[in-house]
J.: 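Structure in structure tokens, see below.
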Amino acid sequence: MTEDLRDFIRHRIRDDLRTGASDGIVTRFPPEPNGYLHIGHAKSICLNFGVAGEFDGRTYLRYDDTNPLRESQEYVDGIQRDIAWLGFAWAGPTFASDYFERLYEFAEELIKRDRAFVCSLPAEDIRATRGTLTEPGTDSPYRDRTVDDNLDLFRRMRAGEFADGTHVLRAKIDMASANVNMRDPVLYRIRHASHHRTGDDWCIYPMYDFTHCICDALEGVSHSLCTLEFEDHRPLYDWVLDNIAINYHPPQIEFSRLNLEYTVMSKRLFSSLVDDGHVTGWDDPRMPTLAGMRRRGYPAGAIREFCRRIGVTKSDGAVEYALLEFCVRQELEATAPRAMAVLDPLRVVLTNYEGDSESLSAPWHPQQPDQGHREMTFSSTLYIERDDFRESPPRKYRRLTPGGMVRLRYGYIIVCEEVVKAADGEIEELRCRYVPESKSGSDTSGLKPKGVIHWVDANTAVPAEVRLFERLFNDPNPGAGNFVEALNPTSLLIADARVEPAIVASEATSMQFERTGYFVKDARDFTSDRPVFNRTVALRDSYKPG
RNA sequence: UGGGGCGUCGCCAAGCGGUAAGGCACCGGGUUUUGAUCCCGGCAUACGCAGGUUCGAAUCCUGCCGCCCCAGCCA
């Protein structure tokens, strides 16, 4: 698909290719394996892989695994599963930890050039001497150690002679810089911790700012794309590469991260939601994680389409959920088979129906005949949606009413003759008459019912749990400060539904339940004995009562 | 009050000195055995504000205003 995407990054890449500044495109997607990927990552993935694909380049999946305290193999596996599901093929994977030895050598080089020094200040003192946003910091008392002392100390750091926190390697830049990132930033810290890949080989680990730029250079990344909050780090990215003997220097280009209304986009906040039991896990269908969206039934193609439509810029804002849902419906509309399920059943007894039952045929997708048909049974006892009957209907109500007539989709026309209520006034059952000559496809009744509703045969319908989701938060922009209070208490509703048997038997995972929405078999909990469905998204509804 | 960014329709977003694309949402209308889909139409005299340059500015200059990010031995 050669599409004319014209964001500032693609403009820049075309220019670089045209002027010869780049002779090929290499990008990378660099997640830290400390959590699951979310829709915000999908934007970055689609950008990096998309651009490489369009310009005949390649994209490395490179794990930024420089902090063994928070990273694990579980996450590296999950990340690969999600990217593959999204539909992208990476070069690698590679790991920052693959380059630990090279990184170490570059660090020694910096020391030998007197551009880095071992600082033995405690963390609190480093913080205290860093200055503030408006005041310069002050030099570390260890800043003037000799090159030989620094080299000796750094080698002993590596050798494991010191406890965590006792020494760090710092760049020697400028404690008075207006950019706090340039005030002698820490390059290496001591961490006697096992790394998920290098085990106990190392007890010193490089920091992001030192690692990332070098890995980009080593992998020949032509355009290092990252989000806006790293803009302030670009001078440091450039400083590191300018002060070591490396023959390549990628440009870092920043774009704004994705914000989605009514949700958060932070792995840290996700962890709290999971740990505190507000959701069932990283793949809870309400989560904006790719795992959650997959389980919710969002097609990968819909997420890619969404990322294409939101574009790439440097301005921050929040995209409305409606756009994502539009993309989801668009894809499901074209692919999902249709069937009938009643979410909130109301019994209907046909008083004039003779015989046991009959079989009716209905297309899996009326607009796509090649999807074929399924059989469904029809009998004297049916279920319809409780909401499809009103004793006192609003104006323009096109469903069933006392004395009213409605078409049962793919079945017969029925007329409501009696409303049976329980002692408390709750409607228990509708007694209706059906019109024998109104059978769908061979209707000779001449009747024109004002509406069509869905139904299932009470005798063959299968009980199913249907999970209905609403937004996780009520606040359009929940933040770290209020995200627990902002949680929507009714983000999950469970319906005791009745579905036609063909749904349970079908191979299809995603389906449209006619008139109610798109649903997917829950990947974890569905069994044919106990069917469980997730509502992916409701159908668009232009019905306005009154 | 230091530094770095960003401000075009409710939301996203083209535009790069020549007189405001597109999508989502929304509002009308048509088709329809899903109030779905589909189709047709409407939807910024206006580009944060104020000056200036120019025949001509959303696009250039100046000054304001607003919002976001930065003081982890996180990434």
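Convention: sequence-line order gives letters A, B, ...; per-chain numbering from 1. Reckoned from all heavy atoms, side chains included, excluding hydrogens, waters and symmetry mates. Note that the structure is predicted; figures quoted are calculated from it, not measured.
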J.: Watson-Crick or G-U wobble partner for B:G7, using a 3.5 Å limit on both distances?
T.: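 Base partner found: B:C65.
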J.: With C1' as the reference atom in both, quote the distance from B:C49 to B:C39 in angstrom, rounded to an integer.
T.: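 The same atom, C1', in both gives a distance of 43 Å.
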J.: When you check the side-chain N and O atoms of A:Gln80 and A:Tyr63, is any donor under 3.5 Å from an acceptor?
T.: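 Indeed, the side chains of A:Gln80 and A:Tyr63 share at least one donor-acceptor pair under 3.5 Å.
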J.: When the P atoms of B:G35 and B:G22 are considered, how many whole Å apart are they?
T.: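 It works out to 31 Å between them.
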J.: Which residues in residues 162-181 of chain A have a heavy atom closer than 4.0 Å to any atom of RNA chain B?
T.: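 A:Gly165, A:Val168, A:Ala178, A:Val180 - these, ordered by number, are the residues of the stretch whose heavy atoms sit under 4.0 Å from the strand.
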J.: Would you measure the distance from the C1' atom in B:G63 across to the matching atom in B:C24 and give it in whole Å?
T.: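 Per the computed distance, 37 Å lies between those C1' atoms.
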J.: Please give, in whole Å, the distance from B:C73 C1' to A:Met207 CE?
T.: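 Distance, rounded to whole Å: 6 Å.
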J.: Closer than 4.0 angstrom, basic N to acidic O: yes or no for A:Glu385 and A:Arg515?
T.: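 No, A:Glu385 and A:Arg515 are not salt-bridged.
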J.: Tell whether A:Glu320 reaches the base of B:G10 with its side chain through a donor-acceptor pair below 3.5 angstrom.
T.: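 Indeed, a donor on one side and an acceptor on the other fall under 3.5 Å apart.
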J.: Can you confirm whether the side chains of A:Tyr75 and A:Glu32 place a donor and an acceptor under 3.5 Å from each other?
T.: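 No, A:Glu32 and A:Tyr75 have no side-chain donor paired with an acceptor closer than 3.5 Å.
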J.: Less than 3.5 Å between a donor and an acceptor, one on the side chain of A:Ser440 and one on the base of B:U33, is that the case here?
T.: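 Answer yes: a donor N or O sits under 3.5 Å from an acceptor.
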J.: Would you tell me if any nitrogen or oxygen in the side chain of A:Arg130 comes within less than 4.0 Å of OP1 or OP2 on B:G72?
T.: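 For B:G72, OP1/OP2 do have a side-chain N/O of A:Arg130 under 4.0 Å.
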J.: Could you state the atom-to-atom distance from CE of A:Met511 to P of B:U37 in whole Å?
T.: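 To the nearest whole Å, that distance equals 20 Å.
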J.: Ignoring hydrogens and geometry beyond distance, is the side chain of A:Asp232 in donor-acceptor contact with the base of B:G3 at under 3.5 Å?
T.: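 Such a pair is found, so the answer is yes.
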J.: So that I can tick it off, tell me whether A:Lys439 and A:Glu358 are bridged by a salt bridge, with the cut-off set at under 4.0 angstrom between side-chain N and carboxylate O.
T.: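 Judged by the 4.0 Å cut-off on N to carboxylate O distance, A:Glu358 and A:Lys439 do form a salt bridge.
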J.: May I ask you to check whether A:Asp475 and A:Asn482 show a side-chain donor-acceptor distance below 3.5 Å?
T.: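 Their side chains do contain a donor-acceptor pair, which is all the 3.5 Å distance test asks for.
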J.: Would A:Arg471 and A:Tyr321 count as a cation-pi pair here, with the cationic atom under 6.0 angstrom from the ring centre and within 45° of the axis?
T.: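 Checked: cation-pi criterion not met.
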J.: I'd like a table of atom pairs between the protein and nucleotides 15-18 of chain B - only N or O on both sides, under 3.5 Å - with the distance next to each one.
T.:
| unit_1 | atom_1 | unit_2 | atom_2 | d |
| --- | --- | --- | --- | --- |
| B:G15 | OP1 | A:His11 | NE2 | 2.9 |

J.: Between B:C70, B:A75, B:U33, which one does the side chain of A:Arg409 approach most closely?
T.: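 Closest nucleotide among those given: B:U33.
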J.: Taking the same atom, P, in B:C69 and in B:G30, what whole-Å distance lies between them?
T.: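 After rounding to an integer number of Å, I get 49 Å for this pair.
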J.: Report the distance from atom CG of A:Leu269 to atom P of B:A75, rounded to the nearest whole Å.
T.: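 Going from A:Leu269 (CG) to B:A75 (P), I get 19 Å.
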J.: At less than 3.5 Å, do the side-chain atoms of A:Gln367 and the base atoms of B:U37 form a donor-acceptor pair?
T.: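 In this structure, the two groups form a donor-acceptor pair.
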J.: Is there a donor on the side chain of A:Arg399 or the base of B:G35 sitting less than 3.5 Å from an acceptor on the other?
T.: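 When only heavy-atom distances are counted, A:Arg399 does reach the base of B:G35 through a donor-acceptor pair under 3.5 Å.
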J.: Give me the distance, rounded to whole Å, that separates B:G51 from B:C6 when you measure between the P atoms they each carry.
T.: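 It comes out at 25 Å once rounded to the nearest Å.
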J.: According to the Watson-Crick and G-U wobble definitions, with both distances under 3.5 Å, which nucleotide is paired to B:A25?
T.: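 Pair assignment: B:A25 / none.
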J.: Under a 4.0 Å threshold between the charged nitrogen and the carboxylate oxygen, would A:Arg257 count as salt-bridged to A:Glu229?
T.: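 Looking at A:Arg257 together with A:Glu229, the answer is yes, because their closest N to O distance falls below 4.0 Å.
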J.: Measuring only the C1' atom in each nucleotide, how far is B:A44 from B:C11? A whole number of Å is fine.
T.: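 The same atom, C1', in both gives a distance of 14 Å.
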J.: Sort out the partner of B:C16 for me: Watson-Crick or G-U wobble, both distances under 3.5 Å, none otherwise.
T.: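 Answer to the pairing question: none, since B:C16 forms no Watson-Crick or G-U pair.
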J.: Taking 4.0 angstrom as the limit, do A:Glu254 and A:Arg234 come out as a salt bridge?
T.: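 Between A:Arg234 and A:Glu254 there is a salt bridge, with a charged N closer than 4.0 Å to a carboxylate O.
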J.: Which base, if any, makes a Watson-Crick or G-U wobble pair with B:G56, both distances under 3.5 Å?
T.: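 Across all strands, not a single nucleotide pairs with B:G56.
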J.: Going by number, which of residues 28-43 of chain A have a non-hydrogen atom under 4.0 Å from RNA chain B?
T.: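 The answer is A:Glu32.
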J.: For B:C38, give its Watson-Crick or G-U wobble partner with both distances under 3.5 Å, or none.
T.: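 B:C38 is paired with B:G30.
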J.: For A:Phe326, answer base if it contacts any base atom (sugar-phosphate contacts may also be present), sugar-phosphate if it contacts only those atoms, and nothing otherwise; contact means non-hydrogen atoms under 4.0 Å.
T.: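 It contacts sugar-phosphate atoms only.
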J.: How far, in whole Å, is B:G5 from B:C60 if one measures between their P atoms?
T.: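 Result for the P pair: 16 Å, nearest Å.
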J.: Want to settle it: does A:Arg398 or A:Ala123 sit nearer the 5' end of RNA chain B, counting the closest nucleotide to each?
T.: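 Nearest nucleotide further toward 5': that of A:Arg398.
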J.: Salt bridge between A:Glu124 and A:Arg127, side-chain N to carboxylate O under 4.0 Å?
T.: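 Result for this pair is no, no salt bridge flagged.
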